[in-house]
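Just so we're on the same page: letters track the sequence lines, and every chain starts at 1.
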Protein chains: 2
Amino acid sequence: MSAIAAALGVSAATVSNALSGKGRVSPELIEKVRAKASELGYVPSLTARALRTGRTGVLGLVLPDIANPLFPQIAQAIENAASNAGYGVLIADSRGDIAAQTEAIGRLLERGVDGMVIVPRRGTRIADVGCPVAVIDTPSTPGNTVSADHWDGGSQMGRHLAELGHRKVLLIGTSASSNVQNDRIGGLKAGLGAQVECDTMWIEKVEAVSGEGCPLGLADKARAGFTAFAAVSDLSALRALTELQRAGIGVPETVSVTGFDDLIWSAVVTPALTTVRMDMATIADLAIAALIRAIEPEGEAENGAEEASTGNVISETDRVPMQLIVRQSTAVPQAGGISNLHVQTPNKPTAGEITS
Amino acid sequence: MSAIAAALGVSAATVSNALSGKGRVSPELIEKVRAKASELGYVPSLTARALRTGRTGVLGLVLPDIANPLFPQIAQAIENAASNAGYGVLIADSRGDIAAQTEAIGRLLERGVDGMVIVPRRGTRIADVGCPVAVIDTPSTPGNTVSADHWDGGSQMGRHLAELGHRKVLLIGTSASSNVQNDRIGGLKAGLGAQVECDTMWIEKVEAVSGEGCPLGLADKARAGFTAFAAVSDLSALRALTELQRAGIGVPETVSVTGFDDLIWSAVVTPALTTVRMDMATIADLAIAALIRAIEPEGEAENGAEEASTGNVISETDRVPMQLIVRQSTAVPQAGGISNLHVQTPNKPTAGEITS
DNA sequence: CTGAAAGCGCTTACAG
DNA sequence: CTGAAAGCGCTTACAG
């Protein structure tokens, strides 16, 4: 910057004003400064700017566990939204335990992030940290900022299954203390309606398995009359699908298996999984926008409503609809259990049918 | 810092020296400064330090595609290694195309990262950027800094399959231009040995499928005598597994399916996948260590050898061994194709057997 | 062993 | 419309 100022015989202040468009500088000078800047390959020092303005232009992303299969979707969406808004993204891994989450938040704070996006660990309530925070959890969690409408996603799936004629459905979850899972299950039950019988099975996470793995007894469930297995995550759905297939139970002609999240493999397995997808791009855009509103001093006076009792945690409770992605034509078999009524989808690959 | 100095009646320089242990300050004063600092809840401004020292303490992580299912493993390992070394990690997504990769690198550079870890897109040769770069690709890629020994991983898998008696193996890859995949396939062939017949099938990535998906014709291959399907990624292995199961071909009693990378679901499917795992923790540690060696001015004179013709790209070509994880007891059936010679693994979950 | 001074590169009131 | 000055919070030679 001083090089530009020297070359042009003007002051650094003028160069700064010209480049930022803040101060009133004559159009001709602005042009000259710009030209010189690009000629000299000028790259502003964001560090110096940060020291002066007190803002680093960096946002933190705190996740319960980076190893989570959903992480790629989240990270990609946040990174994209942030970089469109001119912000960088620093990652922090809570590695499971809650102490590590606090520590991770602390590290980000030390690095001077202007705000952070937190996907909290189950049951964690994010307290007031030293900067604006957008929480992505579920609409039913207090202090949530923006998230997918998991309940609605569940209800879409439930209606879909009910419409296909399923009357006995097994819901599969992994954590009864997860707000997300409870919302999804609540939605599923509501969508299935009162005349559909359903049970909920809470399964444990598998650490390491060999051979036949850790069977859930799903074949018995199928024999007991369950025709649909609705998992609250694609990972559980995949576990169910392979266990059923292995037991010789045809999917989807005998039973249907559905998941949640549209993880990368769900379109790739045979048969592909019917699932519900979060609109992470929109969620990320809203989260970043909320953060920026809190960070950048808008001309207007402060809204007041935004920063209520939660302190820095922005509570707006935006609900972003989820998308049902139907990949199996999971019509329930006729009473009697004939297994080949199912109309095979042609082999030519076609785009997954996406409903609303 | 100035608050501490004022409270103690010393200079800011002394506080700085006391806290950093650089200058020679009397032990008693150091203690007093420390006490005051923690009493005042002093948090040093990393921004100011960065401006002064020219180093930000932040490393960039550039990935070909954050949506890649391997991303969680990589990001977690890098974040962990970096934060142990006192560095933060800024992420950048190349979102597939090569222009975006260049742009992502540029954004990180503008933010003043001290160095970066790049997992390059296939076929990309990382040129000299403005800071130290550690490249994670394959040992056979020129300019590679550290990576798993994919060839060795393949050969471990090949030997394993050969020992189990497989004599006709189908290798499955998705990209003939990928160095990683070619290394893995080269290793597989070498490990299988000359007396094992093998074909390589290059399959296309599935964008979106519905119903029966996009079958690879694997059932025909099984009928043609292939008894093992060795994919170079767990994703392809999963695709193969579900397609074979769907076609009524028993895995593992009729054919075996193996993958690579030990992605999260590979232990969860039935039957669990035999796979090969990268030691990402070690790879990350080596990458970060190499970066730090290049960033932090060690007392000694520069090594010379490290920064050869590649400019800032550190070429050390460390090979980190891979781990074979046997989850299926995939003994090949007796000649004649009887399908129930396979000894079922007991249902009790046991830890996956990990070999070297 | 300790302190005064300069400066990293910017931006922001404030004068002119 | 343009410039001189101060200062963000640190660290690093250099004196004392």
Side-chain angles (χ1 to χ4, degrees), chain A residues 1-37 40-58 86 88 109-114 130-131 295-297 299, chain B residues 1-37 40-58 86 88 109-114 130-131 295-297 299:
Chain A
M1 167 162 271
S2 59
I4 301 173
L8 257 37
V10 299
S11 75
T14 301
V15 173
S16 173
N17 283 327
L19 255 23
S20 68
K22 288 282 182 64
R24 303 115 301 178
V25 181
S26 65
E28 309 90 64
L29 224 195
I30 290 185
E31 202 34 63
K32 273 167 67 180
V33 170
R34 286 233 180 92
K36 206 59 176 180
L40 264 39
Y42 171 70
V43 178
S45 159
L46 299 191
T47 302
R49 182 178 296 167
L51 179 57
R52 176 64 233 236
T53 62
R55 290 197 269 117
T56 55
V58 175
L109 241 29
E110 278 179 24
R111 296 215 170 271
V113 295
D114 294 336
C131 69
I295 293 167
E296 296 178 4
Chain B
M1 166 163 273
S2 59
I4 301 173
L8 257 37
V10 300
S11 75
T14 301
V15 174
S16 174
N17 283 327
L19 257 20
S20 68
K22 290 281 182 66
R24 303 118 301 180
V25 182
S26 65
E28 308 89 66
L29 225 194
I30 289 185
E31 203 34 62
K32 272 167 67 181
V33 170
R34 285 233 181 91
K36 206 59 174 180
L40 264 40
Y42 170 69
V43 179
S45 160
L46 299 191
T47 304
R49 181 178 297 168
L51 179 57
R52 176 64 235 235
T53 63
R55 290 196 270 119
T56 54
V58 174
L109 241 29
E110 279 178 24
R111 297 215 169 269
V113 296
D114 295 336
C131 69
I295 292 168
E296 297 179 2

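One interatomic measurement links the two molecules: CZ of Arg55(A) to P of dT11(C), which rounds to 11 Å at whole-angstrom precision. In this structure, NZ of Lys32(A) is placed 15 Å from P of dC1(D), rounded to the nearest angstrom. Taking atom CG of residue Leu51(A) and atom P of nucleotide dT12(C), one finds them 13 Å apart after rounding to whole Å. dT2(D) atom P lies 9 Å from atom CD1 of Ile30(A), rounded to whole Å. Here the P atom of nucleotide dG3(C) and the CD1 atom of Ile4(B) are 14 Å apart, to the nearest Å. A straight line from CG of Leu46(B) to C1' of dG9(D) spans 11 Å, rounded to a whole angstrom. Rounding to whole angstrom units, CG of residue Leu19(A) and P of dT12(C) are separated by 13 Å.
The nucleotide whose nearest atom lies closest to any side-chain atom of Leu29(B) is, among dT12(C), dT2(C), dC10(C), dT2(C). Checking dG9(D), dT2(C), dT11(D) against every side-chain atom of Arg49(B), the shortest atom distance belongs to dT11(D). Here the nucleotide nearest the side chain of Arg52(A), chosen from dC8(D), dG3(C), dC8(C), is dC8(D). You'll find that the side chain of Ser16(B) is closest to dT12(D), out of dT12(D), dT12(C), dC10(C).
Counting non-hydrogen atoms of other residues, nucleotides and ligands closer than 6.0 Å to CZ of Arg55(B) gives a total above 12.
Partner assigned to dA4(C) is none, using Watson-Crick or G-U wobble distances below 3.5 angstrom. Within the shown strands, nothing qualifies as a pairing partner of dA13(D) under the Watson-Crick or G-U definition with both distances less than 3.5 Å.
Annotation: the span from Ser16(B) atom OG to Arg49(B) atom CZ amounts to 8.0 Å, rounded to 0.5 Å.
Where Val10(B) and Thr47(A) each meet DNA chain C at their nearest nucleotide, the meeting point lying more 5' is that of Val10(B). Of the two residues contacting DNA chain D, namely Pro44(B) and Gly9(A), the nearest-nucleotide position lying further toward the 5' end is that of Gly9(A).
In this structure the side chain of Cys131(A) never reaches within 4.5 angstrom of the side chain of Asp114(A), judged on heavy atoms. Looking only at side-chain heavy atoms (C-beta outward), Val15(B) and Tyr42(B) stay at 4.5 Å or farther from each other.
Contact annotation: Ser26(A) side-chain N/O to dT2(D) OP1/OP2 distance is under 4.0 Å. Distances shorter than 4.0 Å separate none of the side-chain N or O atoms of Thr14(B) from OP1 or OP2 on dT2(C). Listed pair Ser11(B) / dT2(C) fails the phosphate criterion, with no side-chain N or O lying under 4.0 Å from OP1 or OP2.
At distances below 3.5 Å, not a single donor-acceptor pair connects side-chain atoms of Thr56(A) with backbone N or O atoms of Ala50(A).
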